[in-house]
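Here is how names work: the chains are called A, B, and so on, in the same order as the sequence lines, proteins then strands, and each is numbered from 1.
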Amino acid sequence: MRNQTDFFTSVFQVVKLIPRGRVTSYGAIAAYLGAKKSSRVVGYAMNASHAIPAHRVVNRLGCLTGKMHFSNPEEMERLLQLEGIVVKEDCVVNFKQLFWDPSVELEL
DNA sequence: GTCTTGACGTTTA
DNA sequence: CTAAACGCCAAGA
């Protein structure tokens with residue numbers, strides 16, 4: 001019934017709330033949902049959904065691990081660059097500064 | 001219906 | 001220090 005128990009739906013909601021020029025990690029989203037161990041499912045949700053700024057979601061290292069899943073690997077990196085995010089060798093520079101933690105920004 | 005894989009992260013050896 | 005295993009959930013074969 002697509003309740004909040006749906007991990008995917010919850011992930012989509014959070015990802016959509018990511019402000020422009022910011023990035024977050026799979027683990028952060030999972031942790032916000034109360035399932036930090038289910039970070040893999042978060043990433044899977046990205047691939048399952050195509051209507052969310054997945055380019056703003058990276059692994060905890062700030063690396064564009066999922067860029068290869070885009071139409072073109074350079075697409076994800078380009079989108080981040082367009083938002084003012086600097087990407088170096090598939091990794092976000094100043095990731096710690098650009099990091100958008102839903103648990104903090106949304107003040108759970 | 002069962003097994004394997006997957007855009008991760010943490011813990012243990 | 002590095003390497004490997006576990007946990008979580010869903011989808012594809």
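There is a path of hydrophobic side-chain contacts, each under 4.5 Å, that joins A/L17 to A/V57. Cluster annotation: A/F99 is not connected to A/V15 through the hydrophobic network of ILVMFWY side chains, with a link wherever side-chain heavy atoms come within less than 4.5 Å.
Residue A/N59 is in sugar-phosphate contact alone, with no base atom involved, counting any heavy-atom pair closer than 4.0 Å across all strands shown. Among the protein residues, A/A45 comes within range of no part of the nucleic acid, since none of its heavy atoms lies under 4.0 Å from any strand.
Of the C1' atoms belonging to B/dC8 and C/dC1, the separation is 22 Å, rounded to the nearest Å. Rounded to whole Å, the separation between the C1' atoms of C/dA3 and B/dA7 comes to 23 Å. Nucleotides B/dT4 and C/dC6 are separated by 14 Å at their P atoms, to the nearest Å.
In 5' to 3' order, the nucleotides of DNA chain B bounding all contacts with chain A (an atom under 4.0 Å from a heavy atom) are B/dG6 to B/dT10.
Across the protein-nucleic acid pair, A/M46 atom CE and C/dA11 atom P stand 14 Å apart, rounded to whole Å. In this entry the distance linking OH of A/Y26 with P of C/dC9 reads 19 Å, nearest Å. Rounded to whole Å, atom P of C/dC8 lies 20 Å from atom CZ of A/R60. Taking atom NZ on A/K37 and atom P on C/dA10, their separation rounds to 16 Å, with Å as the unit.
A heavy-atom distance below 4.5 Å is found between the side chains of A/F7 and A/V42. A/W100 is listed as a side-chain neighbour of A/P102, based on a closest heavy-atom distance under 4.5 Å.
A distance-only check finds a donor-acceptor pair linking the side chain of A/R56 to the backbone of A/I18 [under 3.5 Å]. For the pair A/N72 (side chain) and A/E74 (backbone), a donor-acceptor distance under 3.5 Å is absent.
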